[in-house]
Protein chains: 2
Amino acid sequence: MLHVAEAARVSVATVSALLNGTATVSPELTQRIEQAIRDIGYKRNAIARSLKMGTTRTIGLTVPHITNPFFTDVVSVIQQAFDRAGYAVMLCCTDEDLNTQDEQIRLLLDRMIDGLIVARVGDGGLLKGIVEDANVPVVLLDRLCEGVDTDAVVLDNRRAVFDAVTYLIHLGHRRIGYITGTSDISPMHDRMIGYREALQAAGLPAAEELIRSGNFHEIDGYNATMQLLSLHDRPSAIFSANNPMVIGTMKAIRDIGLSCPEDISVACFDDFPWSDVFVPQLTTVAQPVQAIGEQAANLLLDRLAGNRDAPPRKLVLKGRLMIRNSCRPLGALAQSVSA
Amino acid sequence: MLHVAEAARVSVATVSALLNGTATVSPELTQRIEQAIRDIGYKRNAIARSLKMGTTRTIGLTVPHITNPFFTDVVSVIQQAFDRAGYAVMLCCTDEDLNTQDEQIRLLLDRMIDGLIVARVGDGGLLKGIVEDANVPVVLLDRLCEGVDTDAVVLDNRRAVFDAVTYLIHLGHRRIGYITGTSDISPMHDRMIGYREALQAAGLPAAEELIRSGNFHEIDGYNATMQLLSLHDRPSAIFSANNPMVIGTMKAIRDIGLSCPEDISVACFDDFPWSDVFVPQLTTVAQPVQAIGEQAANLLLDRLAGNRDAPPRKLVLKGRLMIRNSCRPLGALAQSVSA
DNA sequence: AACGCTAATCTAAACGTTTCGAACGTGTCA
DNA sequence: TGACACGTTCGAAACGTTTAGATTAGCGTT
């Protein structure tokens, strides 16, 4: 900017004023400055600007795994939304590990991000302190965090699983295996409640041996399913609480020599684009990824626009049961349906 | 830092020296300073540091669509690699649009990124100028760019498709439909060459009506497949040059009332984790995503470590044909195989 | 002719670091 | 005792912006 100012024979203040439109500058100088900018190929240094202004127009976004299709989609939507608003997005993957998450958040805060969207892992870790210090607005995504009272957008997980399991029960299933992630994050906790409530509402016993938990990965779903299928009275249906784990479930079913839905019915959380075209077409709970991403972005953009003091807002969206053909009717129902 | 210095009754220079280890500071002052840092909860401002040092320890990464599983995986690997090296990653999605890409790149450069990894779209746009101005090292990912001579890591696309199509030919297929993306990017261009060469090597005619192109999206694959299947002499196999488009292909096959592989064989580029568990299990060309991501990261990290003047390095990796059961043998071959 | 008002422009301080070179105290050597 | 070297600490400039407040010029009023 100094060079531009010299070339145009004006002060840097005038150049800045023109660039930011913060003061009127005469047509004559405007022209000289613009010419100089073109000649020199000048680009404003956003770092210096950030230092002075105290804002970077950059936000941080952390998710456990970007390869989980749910997060892939949400990240994509959020990235687009902030791009439209002229913000850059720094993406971090925490790998479901609290220490990693804390490091990532520190990295982001060091870089003076203006805001933060977090699909947290573990118990939140640093998150609590950050939200309290309140320098940067934080939006929780997908997962609430005990003791952290801030904007959030989550799914009505309890209800979504309740509906899915109730659907299985209506099909005649009585022993329904349930594979969950670690229960220290709110969605897994709530989904489990939905499962239990659905059984209870139908007057079915809660058989603890039908509940298995894993660490969200395909291999965990595989192992859990293997265990369920080895029970002497094995379940007739399995509900898997996330997408990577259901892949494991399908592999286990295949490896053990069974088939879906003939021998065992499967439903799961999170839809994916090709659920429609391959066999079996999985019955899933679809999350409104577009809405989730947009709402999260909007909450944060609203804070960034200056609305700092509004009380925390918690948005709860609804899932949708996508009924396909991976679950089959049992017993008497099977007759009437197939007839 | 000023506050820390005051609290510890030293100068800011000493605090800085301690923090960076650039000079020895006495045990006594060290202790006072560390105490002050703890008391105040001081965090160094990376923006100010960046301004002074001329480096942000941040890189830019642009891909066409993060929801394309190939890019999802590569982004994930790259993000991890830079995370390990203490770099932050700014992610941008260009939506296969050149203007968007140019804007994103400008946004990134404004923020003084130290380096850039680009899976380009269109003809490169701004990219050319940037690489020449040579302030930030650039690594091309997946897609080369004419006139841009810089580090790159790509697949041997020609060979990969040659092998896949040759495999189809060995199965007895003579009319093989081919669905490509826009040919202005090198992988699509090279894949097409692989297709033509495979036909030629087998002495088969190149029937132009069997070649369709689309803009990488599912809907494009759908439309292209619909056209291919409506030909009076329709192909017995279809090769689809990317992942989203093959979803469209499968949907079209389903909608038109055919089935794969009984009525039509399908193979495609890009593997995905559940190709194994659903039916039909797609035969695909798997890219070594892990290696691609790591190599790209390494090339850039090497430049960032100071190796600026080495000549551009171009890494060409090999794809792997994953033979599953979405392609069936034809004619005489069908007899011998099914027997 | 002196005054005040407005619009345009400029000067200079500030943002929070890093770093160069100077300053200081202490011990060693002639 | 004075000179010198060495290890430690400090002062101040610099990075490239923004912005408050000062300055200037032009112009209409009285």
Side-chain angles (χ1 to χ4, degrees), chain A residues 1-37 40-58 86 88 106-114 133 135-136, chain B residues 1-37 40-58 86 88 106-114 133 135-136:
Chain A
M1 186 177 280
L2 182 61
H3 297 118
V4 170
E6 279 168 0
R9 304 187 308 283
V10 300
S11 76
V12 291
T14 309
V15 178
S16 178
L18 176 62
L19 254 42
N20 298 311
T22 49
T24 49
V25 3
S26 68
E28 189 190 336
L29 292 202
T30 298
Q31 212 231 307
R32 288 217 307 263
I33 293 172
E34 283 173 347
Q35 183 63 47
I37 287 178
I40 296 182
Y42 165 79
K43 301 239 64 193
R44 173 161 65 191
N45 183 324
I47 295 294
R49 181 165 219 258
S50 292
L51 177 60
K52 183 64 191 174
M53 306 274 281
T55 165
T56 52
R57 291 194 79 78
T58 300
R106 224 187 299 265
L107 181 90
L108 292 170
L109 290 178
D110 275 359
R111 284 174 171 71
M112 302 277 129
I113 49 169
D114 290 345
D133 293 354
N135 297 317
V136 292
Chain B
M1 184 177 279
L2 183 60
H3 297 120
V4 170
E6 280 169 359
R9 303 188 309 283
V10 299
S11 75
V12 290
T14 308
V15 178
S16 178
L18 176 64
L19 253 42
N20 298 311
T22 50
T24 50
V25 4
S26 69
E28 189 191 338
L29 292 202
T30 299
Q31 211 231 307
R32 286 220 307 264
I33 293 171
E34 283 173 347
Q35 184 62 49
I37 287 178
I40 296 182
Y42 165 78
K43 299 242 63 192
R44 174 162 63 193
N45 182 325
I47 294 295
R49 181 165 219 259
S50 291
L51 176 60
K52 184 65 191 174
M53 307 273 280
T55 165
T56 52
R57 290 193 80 78
T58 300
R106 225 187 297 265
L107 181 89
L108 291 170
L109 291 177
D110 275 358
R111 282 173 172 71
M112 302 278 128
I113 49 169
D114 290 345
D133 293 355
N135 297 318
V136 292

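All chains are named by letter (A, B, ...) in the order of the sequence lines, taking the proteins before the strands, and each is independently numbered beginning at 1.
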Open item on the list: Could you check whether any side-chain heavy atom of B/R44 comes within less than 4.5 Å of a side-chain heavy atom of B/L19, counting everything from C-beta outward?
Closed with: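 In contact.
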TODO: Output the distance between atom CZ (B/R49) and atom CG (B/N45), rounded to the nearest 0.5 Å.
DONE: 11.0 Å
Open item on the list: Would you compute the distance between atom CG of B/L107 and atom CD1 of B/I113 and round it to the nearest 0.5 angstrom?
Closed with: 9.0 Å
Phosphate OP1/OP2 of [N] contacted by [X] side-chain N/O (<4.0 Å):
| X | N | result |
| --- | --- | --- |
| B/R44 | C/dT18 | yes |
| A/S26 | C/dT9 | yes |
| B/S50 | C/dT17 | no |
| B/R49 | C/dT18 | yes |

- [ ] Give the minimum heavy-atom separation between A/S50 and A/T56, together with the two atoms involved.
- [x] OG-CA, 3.5 Å
- [ ] Specify the closest pair of heavy atoms between B/T58 and A/R111, including all atoms of both residues, with the distance to one decimal.
- [x]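 Here B/T58 and A/R111 meet closest at OG1-NE, 3.1 Å.
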Separation of [N] [atom2] from [X] [atom1] (nearest whole Å):
| X | N | atom1 | atom2 | answer |
| --- | --- | --- | --- | --- |
| B/L19 | C/dT18 | CG | P | 7 Å |
| B/R111 | D/dT17 | CZ | P | 15 Å |
| B/R32 | D/dT9 | CZ | C1' | 11 Å |
| A/Q31 | C/dA8 | CD | P | 17 Å |
| B/I37 | C/dT17 | CD1 | P | 10 Å |
| A/M1 | C/dC15 | CE | P | 19 Å |
| A/L18 | D/dT18 | CG | C1' | 14 Å |
| B/N45 | D/dT17 | CG | C1' | 14 Å |

The side chain of [X] is closest to which nucleotide in this list: [options]?
| X | options | value |
| --- | --- | --- |
| B/A13 | D/dA12, C/dT17, C/dA14 | D/dA12 |
| B/L29 | C/dC15, C/dA12, D/dT9 | D/dT9 |
| B/Y42 | C/dG16, C/dC10, C/dT17 | C/dT17 |
| A/T14 | D/dT9, D/dT17, C/dT9 | C/dT9 |
| A/L51 | C/dT11, C/dT18, D/dG16 | D/dG16 |
| B/S11 | D/dC10, C/dT17, C/dC10 | D/dC10 |
| B/N20 | C/dA14, D/dT9, C/dT18 | C/dT18 |

Open item on the list: Over all strands shown, is A/S16 touching base, sugar-phosphate only, or nothing at heavy-atom distances under 4.0 angstrom?
Closed with: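 Touches a base.
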- [ ] Check every strand shown and say whether A/L2 touches a base, only sugar-phosphate, or nothing at a heavy-atom separation below 4.0 Å.
- [x]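 Result for A/L2 = nothing.
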Open item on the list: Run the side chain to side chain contact (heavy atoms under 4.5 Å, CB included) test on A/R57 and B/D110 for me, step by step, so that the C-alpha distance in whole Å, both residues' side-chain angles and the decisive distance to 0.1 Å come before the verdict.
Closed with: CA-CA 11 Å; A/R57 291 194 79 78; B/D110 275 358; over 6 Å; no
